[in-house]
Amino acid sequence: MSRPLLSKIRQFGSGQMHNRLSARMYASSGKESAREYLDKSTTPFEVFDRNAKRMQKDRAAARGADSREVDYLKDEVASRVADRLLDIKRRYHTVVELGSGCGHVVKALDDDMMDKLIMCDISPVALSRDADATYDIEVERRVMDEEALEFEPESLDAVVSSLAMHWVNDLPGMMIQVRKALVPDGVFIGAMFGGDS
């Protein structure tokens with residue numbers, strides 16, 4: 001077999017050749033250039049409707065006492081996430097919980113671990129469901145989409161997420177934003193459902 005043919009086979013196996021062929025065929029249809037097609041094909045695919053997810057979370061949290069009856073699973077996983085923070089021997093100044101909902105991780109924290117927790121969730125109703133609860137640490141609540149973080153670079157000591165990341169469309173993009181917001185030796189701890197959950 002000739003070297004150029006082997007090179008094309010290797011490219012096709014890695015998906016590069018397939019993308020080039022698809023782009024050429026698409027571009028020849030007169031719709032857009034191959035470069036425009038390839039640039040557009042690298043944008044994150046939207047699996048979840050974030051607005052529909054927010055409305056679902058709002059509706060669930062608005063049920064008050066009924067919604068607290070099903071907090072046990074989230075509370076259990078959140079306590080394990082908080083326990084992992086204790087494995088790292090340091091005191092944190094500012095920690096962010098992404099997808100905090102009504103506040104599951106904060107229930108397992110104390111003032112020996114950190115000064116402040118910023119609870120972030122797409123649902124304002126979920127964030128405010130237990131707003132009158134008191135905790136050992138300072139708590140700030142922010143309505144924020146996990147896919148569009150609004151933190152200054154290198155401003156956070158740690159970021160945690162408990163059972164929320166599986167609703168994110170662009171998980172690599174979210175992780176890049178988290179990394180930029182963390183201080184150089186910052187910590188990220190997350191828990192999400194796996195494939196066979």
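The analysis underlying the following values was restricted to heavy atoms, covering all of them including side chains, and did not include hydrogens, waters or symmetry mates. This is a predicted model, so every value here is computed, not measured.
Under a hydrophobic clustering in which Ile, Leu, Val, Met, Phe, Trp and Tyr are joined whenever their side-chain heavy atoms come within less than 4.5 Å, directly or via other members, V95 and L127 fall into the same cluster. Hydrophobic clustering, with ILVMFWY side chains joined whenever heavy atoms are under 4.5 angstrom apart, keeps M55 apart from V47. Residues V143 and I122 do not share a hydrophobic cluster, defined by chaining ILVMFWY side chains whose heavy atoms lie under 4.5 Å apart. Cluster membership check: L86 shares its hydrophobic cluster with L117, using side-chain heavy-atom separations under 4.5 Å among Ile, Leu, Val, Met, Phe, Trp and Tyr. Each of F188 and I176 belongs to its own hydrophobic cluster when Ile, Leu, Val, Met, Phe, Trp and Tyr are linked at side-chain heavy-atom distances under 4.5 angstrom.
A126 approaches A61 most closely through the heavy-atom pair CA-CB, 3.5 Å. In this structure, R179 and P184 approach most closely via the heavy-atom pair NH2-O, 3.4 Å. The shortest non-hydrogen separation linking G103 to M119 is CA-CE, 3.5 Å. Residues L171 and M165 share a closest heavy-atom pair of CD1-CB, 4.0 Å. Nearest heavy atom pair, residue A164 against residue G99, reads CB-CA, 3.7 Å.
When side chains are defined from C-beta on, V105 does not count as touching S100, because their heavy atoms never get closer than 4.5 Å. At a threshold of 4.5 Å between non-hydrogen side-chain atoms, the residues K53 and F48 do not count as touching. Between D136 and L109, every side-chain heavy-atom pair lies at or beyond the 4.5 Å cut-off. Looking at R91 and D115, their side chains come closer than 4.5 Å, going by heavy atoms from C-beta outward. At least one side-chain heavy atom of V178 sits less than 4.5 Å from a side-chain heavy atom of L98.
Taking CG from L85 and OH from Y92, the interatomic distance works out to 5.0 Å, rounded to the nearest 0.5 Å. Note that CE of M113 and CG of D83 are 8.0 Å apart. Values are rounded to the nearest 0.5 Å. With values rounded to the nearest 0.5 angstrom, M114 atom CE is found 9.5 Å from T94 atom OG1. A distance of 11.5 Å separates CD of E97 from CD1 of I118, quoted to the nearest 0.5 Å. Atoms CD and OG, on E76 and S162 in that order, are 10.0 Å from each other to the nearest 0.5 Å. Interatomic distance, CZ of R142 versus CG of L149, reported as 10.5 Å (0.5 Å rounding).
Of the possible polar contacts, one joining the R84 side chain to the R80 backbone as a donor-acceptor pair under 3.5 Å is found. In this structure, the side chain of D49 engages the main chain of A52 through a donor-acceptor pair within 3.5 Å. A donor-acceptor pair under 3.5 Å is formed between the side chain of S128 and the backbone N or O of P124.
For the side chain to side chain contact (heavy atoms under 4.5 Å, CB included) test, residues two or more places apart in sequence or in another chain that qualify with K107 are D71, D75, H104, Y135.
Under the side-chain hydrogen bond (donor to acceptor under 3.5 Å, both in side chains) criterion, the residue pairs touching residues 144-160 are R50-D145, R50-E146, E147-N169, with sequence neighbours excluded.
Checked for salt-bridge contact, R141 and D121 miss the test: no charged N lies under 4.0 Å from a carboxylate O.
A donor-acceptor contact under 3.5 angstrom links the side chains of D58 and S123, judged on distance only. In the model, K180 has no side-chain atom that pairs as donor or acceptor with a side-chain atom of Q177 under 3.5 Å.
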